[in-house]
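The next block holds one structure in the form of structure tokens; read it before the comments.
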Amino acid sequence: MPQQEMELAESRRRYWRSNLRMTGALLALWFAVTFGGTYYARELSFNFLGWPFGFWVAAQGSLVVYCLIVWFYARYMAKLDIRHGVQERED
């Protein structure tokens, strides 16, 4: 196997490893926000505009965190693509 092909294969392995590591971390964050927020929402036990406050905060806050997760992942992957030379070209 020529040296250039070996370097390309190693670069692809590093790219995929970085992608999987970030995906795993963001999925762990998603899991914690989704299930942890709902689980601990019972601790805030007063009504806010007719709804239990804890569940309202968990529902609204989780949507904000989900949007931040998507934004961060897109930004991270764009930088990772550039670092490994696989970014999409604009014609």
Side-chain angles (χ1 to χ4, degrees):
M1 184 181 254
Q3 182 68 19
Q4 188 177 9
E5 288 181 24
M6 288 175 57
E7 289 174 3
L8 182 60
E10 180 60 30
S11 177
R12 287 180 179 165
R13 258 187 249 115
R14 280 185 275 128
Y15 175 83
W16 187 242
R17 203 173 315 127
S18 297
N19 183 6
L20 288 178
R21 194 175 312 121
M22 183 53 62
T23 301
L26 292 176
L27 279 174
L29 176 62
W30 169 84
F31 183 84
V33 167
T34 300
F35 296 105
T38 305
Y39 180 77
Y40 289 109
R42 293 186 180 128
E43 301 298 322
L44 301 171
S45 61
F46 64 92
N47 286 338
F48 179 74
L49 298 176
W51 295 92
F53 183 71
F55 291 103
W56 184 82
V57 169
Q60 300 305 315
S62 63
L63 293 176
V64 172
V65 173
Y66 299 155
C67 289
L68 290 174
I69 287 173
V70 170
W71 171 81
F72 179 80
Y73 181 74
R75 188 169 169 249
Y76 177 82
M77 289 306 296
K79 288 182 180 182
L80 189 65
D81 288 352
I82 291 169
R83 189 176 336 140
H84 289 275
V86 294
Q87 71 272 19
E88 295 183 11
R89 300 195 197 304
E90 291 184 23
D91 293 332

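This structure is a prediction, so every number in the text was calculated from the model and none was measured.
- Both L26 and W30 are members of a single hydrophobic cluster when ILVMFWY side chains are connected at heavy-atom separations under 4.5 Å.
- For the pair Y73 and N19, the minimum side-chain heavy-atom distance is below 4.5 Å.
- By the rule that hydrophobic residues join a cluster once side-chain heavy atoms approach within less than 4.5 Å of another member, L63 and L68 end up as members of separate clusters.
- With a 4.5 Å cut-off on side-chain heavy atoms, E10 and R13 count as touching.
- Ring geometry for H84 versus Y15: interplanar angle over 60°, hence perpendicular rather than tilted (30 to 60°).
- The distance from the CG atom of L20 to the CE atom of M22 is 11.5 Å, given to the nearest 0.5 Å.
- For S62 (side chain) and A59 (main-chain N/O), a donor-acceptor pair under 3.5 Å exists by modelled atom type.
- Linking ILVMFWY residues whenever their side-chain heavy atoms come closer than 4.5 Å, directly or via other members, places V33 and W71 in the same cluster.
- Hydrophobic clustering, with ILVMFWY side chains joined whenever heavy atoms are under 4.5 angstrom apart, groups F35 together with V65.
- Under a 3.5 Å cut-off, the side chain of S18 and the backbone N or O of R14 do form a donor-acceptor pair.
- Separating the OG1 atom in T23 from the OH atom in Y76 is a distance of 8.5 Å, to the nearest 0.5 Å.
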